[in-house]
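Values below: all heavy atoms of this structure, side chains included; hydrogens, waters and symmetry mates excluded.
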Amino acid sequence: PAAPLADPPAAAESPAPAEEEKHIEIKSIMVGTFYAAPNPDAKPFVSVGSQVDEETDVCVIEAMKVFNTIKAECRGKIARVLVNNGQAVEFGQALFLVKPD
């Protein structure tokens, strides 16, 4: 009989949880639909590596036909985008991870 395969090393996970703990979460302020760009033909407000500050628009959340612009409200670089364009989001759900300056 063949020997069972070994689990992959834990270091292969990305990114490391300890590193993510240092990031700031930009959370949804409402229930709605996440849009990364102001319209379907436009480029996204931000992407991984984008520099943001407190006034930077990062996305739009549509709720009941009203489009609400979400600001970063922190300074740093976008480390991860946690939701997909057109995805339904909940109140308090993390949308982005920001590596603070």
Which heavy atom of [X] sits nearest a heavy atom of [Y], and at what distance?
{"X": "P100", "Y": "I24", "answer": "CB-CD1, 3.8 Å"}
{"X": "A42", "Y": "A37", "answer": "O-CB, 3.5 Å"}
{"X": "G76", "Y": "D101", "answer": "CA-OD1, 3.5 Å"}
{"X": "C59", "Y": "L95", "answer": "SG-CD1, 4.0 Å"}

Would you say that [X] contacts [Y] through its side chain, given a criterion of any heavy-atom pair below 4.5 Å between the two side chains?
{"X": "L97", "Y": "L82", "answer": "yes"}
{"X": "T56", "Y": "V46", "answer": "yes"}
{"X": "S47", "Y": "I78", "answer": "no"}
{"X": "I29", "Y": "I61", "answer": "no"}
{"X": "K27", "Y": "Q93", "answer": "no"}
{"X": "M30", "Y": "N68", "answer": "yes"}

One should read off an interatomic distance between C74 SG and D53 CG, to the nearest 0.5 angstrom, of 9.0 Å
The reported gap from CD in Q51 to NZ in K99 (rounded to nearest 0.5 angstrom) is 11.0 Å
(request) Look only at the side chain of N84 and the backbone of Q87, and say whether a donor-acceptor pair between them is shorter than 3.5 Å. (result) no
Do the side chain of D57 and the main chain of K71 share a donor and acceptor less than 3.5 angstrom apart? no
Contacts of F34 meeting ring pair (Phe, Tyr, Trp, His ring centres under 6.0 Å) (sequence neighbours excluded), chain-then-number -> F96
- Message: With clusters defined by side-chain heavy atoms of hydrophobic residues (ILVMFWY) lying less than 4.5 Å apart, directly or transitively, does F45 cluster with F67?
- Response: yes
Open item on the list: According to a hydrophobic-cluster definition based on side-chain heavy atoms being under 4.5 Å apart (Ile, Leu, Val, Met, Phe, Trp, Tyr only), do V48 and I70 belong together?
Closed with: yes
